[in-house]
Protein chains: 2
Amino acid sequence: MPRIRNKDRASAYRERLRNVGLRHTLPRERILSFLDRKNVHPTPEELYQGLRKKGYAIGLSTVYLNLQVLRDVGLIYEFKDPKGVTRYDGYSKPHHHLACRSCGRVEDVLASELPEFLEPVIPEVEAKSNWEVDSARVTFLGYCPRCKRSR
Amino acid sequence: MPRIRNKDRASAYRERLRNVGLRHTLPRERILSFLDRKNVHPTPEELYQGLRKKGYAIGLSTVYLNLQVLRDVGLIYEFKDPKGVTRYDGYSKPHHHLACRSCGRVEDVLASELPEFLEPVIPEVEAKSNWEVDSARVTFLGYCPRCKRSR
DNA sequence: TGGAAAATGCCAAGAATTCGCAATAAGGAT
DNA sequence: ATCCTTATTGCGAATTCTTGGCATTTTCCA
């Protein structure tokens with residue numbers, strides 16, 4: 001497994017931010033970095049606490065502000081889990097969500113592990129609706145392994 | 001177009017509610033009825049005002065409570081629009097969402113107008129993940145006809 | 001039809017999110 | 001490398017959104 005230096009990581013985020021017209025800042029890099037893992041979907045408070053636990057000082061209002069800004073430019077995704085809790089997702093590999101109706105858990109499914117079922121329908125949707133579509137996300141609703149047993 | 005009597009409507013809702021173990025009440029029927037239309041995705045406040053405008057007295061906390069209850073049993077769907085506003089969807093025909101990154105608008109796309117692209121992948125997802133999936137919703141992200149022009 | 005259990009709705013309480021603003025940091029220009 | 005303009009941060013207050021307590025009303029089945 002190739003080692004990635006901090007500088008490389010930083011410049012990768014710097015570029016992603018510049019591409020969407022945002023400045024690179026430490027809080028932003030840390031938020032993006034925190035979110036860019038599989039199955040990580042924190043609430044704003046959880047993200048805030050998570051960063052502090054890593055020893056990073058950051059303000060809660062900065063967290064809120066940046067979650068908004070990063071969502072607006074499409075770098076992260078905001079959603080409600082099945083219990084109605086607001087969560088954020090910044091995992092950069094294309095993926096979908098499994099959401100458990102019973103316990104509320106949300107798990108990622110990599111798009112690369114599934115056939116390409118979405119790509120062909122996007123042009124159809126565009127044609128039918130006259131919208132311009134640049135991405136699509138699926139939420140699969142049901143029961144996780146633990147909850148499906150106890151029913 | 002066949003005429004549907006109020007009694008029939010009421011008993012249809014009564015049955016849907018009983019199927020999920022909930023009592024039939026007037027507030028519930030009115031909420032379900034309000035939401036069961038294409039392209040209707042109100043916030044709790046909008047739903048509350050909408051019902052009052054129809055002349056129905058209802059409490060705001062009753063609206064909140066029932067949105068939760070109905071979501072928990074799967075009769076309605078709760079989501080965030082691209083601007084981060086919490087909205088509800090109770091349209092009973094299977095459909096997906098188009099969401100505009102620019103203005104935040106959300107529009108429904110009937111599943112019946114698209115090929116059956118989801119059904120085949122659900123068993124695959126179940127196999128890969130070991131979850132039990134009972135439904136899937138797609139959010140297509142992009143730009144609506146109005147916003148795509150001005151870019 | 002009686003009555004236990006569930007639901008409603010008012011208002012207060014509590015959370016979550018945003019705002020105002022002074023201080024700081026970023027990054028293009030010099 | 002340093003300056004200078006502008007964006008960003010982060011604190012605490014203000015606001016908005018959502019839930020809780022509880023007396024009253026409804027539901028529905030025995």
Side-chain angles (χ1 to χ4, degrees), chain A residues 7 10-11 13-34 41-52 55-73 75-76 78-88 104, chain B residues 7 10-11 13-34 41-52 55-73 75-76 78-88 104:
Chain A
K7 286 214 173 170
S11 57
Y13 287 120
R14 188 177 297 274
E15 192 184 327
R16 294 183 67 193
L17 287 164
R18 195 153 43 79
N19 284 341
V20 294
L22 292 177
R23 286 189 180 177
H24 169 97
T25 68
L26 222 38
R28 270 175 200 163
E29 179 181 325
R30 286 168 172 167
I31 290 172
L32 284 176
S33 168
F34 189 98
H41 314 111
T43 63
E45 184 68 29
E46 286 166 358
L47 172 53
Y48 172 68
Q49 296 298 343
L51 291 176
R52 308 217 116 197
Y56 303 147
I58 191 172
L60 180 56
S61 63
T62 301
V63 170
Y64 272 100
L65 177 68
N66 279 305
L67 287 173
Q68 264 197 209
V69 166
L70 295 171
R71 173 202 66 208
D72 287 345
V73 299
L75 285 181
I76 65 177
E78 178 188 51
F79 67 100
K80 287 236 176 192
D81 74 18
K83 301 295 189 196
V85 177
T86 298
R87 299 185 171 280
Y88 292 85
Chain B
K7 284 214 173 169
S11 57
Y13 287 119
R14 188 178 296 274
E15 191 183 326
R16 293 183 68 192
L17 287 164
R18 194 153 47 78
N19 285 341
V20 294
L22 291 177
R23 288 189 178 176
H24 169 96
T25 67
L26 220 39
R28 271 176 198 161
E29 179 182 325
R30 287 170 172 165
I31 290 172
L32 284 176
S33 168
F34 189 97
H41 314 111
T43 63
E45 185 68 30
E46 286 166 357
L47 172 53
Y48 172 68
Q49 296 299 343
L51 290 176
R52 306 216 118 199
Y56 303 147
I58 190 172
L60 180 57
S61 64
T62 302
V63 170
Y64 272 100
L65 178 68
N66 279 304
L67 287 173
Q68 264 199 207
V69 166
L70 296 171
R71 173 202 66 208
D72 287 344
V73 299
L75 286 181
I76 65 177
E78 179 188 50
F79 67 101
K80 287 235 179 194
D81 73 19
K83 302 294 188 194
V85 177
T86 298
R87 299 186 170 279
Y88 292 85

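All values reported here derive from a predicted model rather than from experimental measurement. Chain letters run A, B, ... following the sequence lines, proteins first, then strands; residues in each count from 1.
Sequence order on DNA chain D of the closest nucleotides to A/Val69 and B/Leu22 puts A/Val69 first from the 5' end. Checking A/Leu26 against B/Tyr48, the closest nucleotide of DNA chain C that is more toward the 5' end is the one next to B/Tyr48.
In this structure, the CG atom of A/Leu47 is 15 Å from the C1' atom of C/dT17, given to the nearest Å. In this entry the distance linking CG of B/Leu17 with P of C/dA7 reads 10 Å, nearest Å. Here C/dA16 presents its P atom at 14 Å from CG of A/Leu67, a figure rounded to the nearest Å. For the pair A/Leu65 CG and C/dG20 P, the computed distance is 13 Å after rounding to whole Å. In this structure, the CD1 atom of B/Ile31 is 11 Å from the C1' atom of C/dT8, given to the nearest Å. One can place CZ of B/Arg71 at 8 Å from P of D/dT19, the figure rounded to the nearest angstrom. Note: CZ (B/Arg23) to P (D/dT27) measures 9 Å, nearest angstrom. One interatomic measurement links the two molecules: CG of A/Leu51 to P of D/dT9, which rounds to 12 Å at whole-angstrom precision.
Nearest to the side chain of B/Ile58, among D/dT9, C/dT18, C/dG9, sits C/dG9. For B/Arg28, whose side chain is taken as the heavy atoms from C-beta onward, the closest listed nucleotide among C/dT17, C/dC11, C/dT8 is C/dT8. Closest to the side chain of B/Pro44, from the set D/dT18, D/dG10, D/dG20, is D/dT18. Residue A/Leu60 places its side chain closer to C/dT17 than to any other of C/dT17, D/dG12, D/dG20.
For A/Tyr64, no side-chain nitrogen or oxygen approaches OP1 or OP2 of C/dT18 to under 4.0 Å. In terms of phosphate contacts, B/Gln68 brings no side-chain nitrogen or oxygen within less than 4.0 Å of OP1 or OP2 of D/dT18. Listed pair A/Thr62 / D/dT9 fails the phosphate criterion, with no side-chain N or O lying under 4.0 Å from OP1 or OP2. Not one side-chain nitrogen or oxygen of A/Thr25 sits closer than 4.0 Å to the OP1 or OP2 atom of C/dA25. An OP1 or OP2 oxygen of C/dG27 is reached within less than 4.0 angstrom by a side-chain nitrogen or oxygen of A/Arg14. Close to C/dA7, at under 4.0 Å from its OP1 or OP2, lies no side-chain N or O of B/Asn66.
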query: Would B/Thr25 and B/Leu17 satisfy side-chain contact (heavy atoms from CB on, under 4.5 Å), going step by step from the backbone distance to the final call?
result: CA-CA 9 Å; B/Thr25 67; B/Leu17 287 164; over 6 Å; no

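Residues B/Glu15 and B/Asn19 have side chains in contact (heavy-atom distance under 4.5 Å, counting atoms from C-beta outward). Side-chain contact between B/Leu67 and B/Leu47 is present, with heavy atoms from C-beta onward closer than 4.5 Å.
When all heavy atoms of A/Tyr48 and A/Leu60 are compared, the pair lying nearest together is CE1-N, 3.5 Å.
No donor-acceptor contact under 3.5 Å links the side chain of B/Thr86 to the base of D/dC17.
Of the possible donor and acceptor atoms, one in the side chain of A/Arg28 sits under 3.5 Å from a partner among the backbone N and O of A/Arg23. With A/Arg87 contributing its side chain and A/His41 its backbone, the two residues share a donor-acceptor pair below 3.5 Å.
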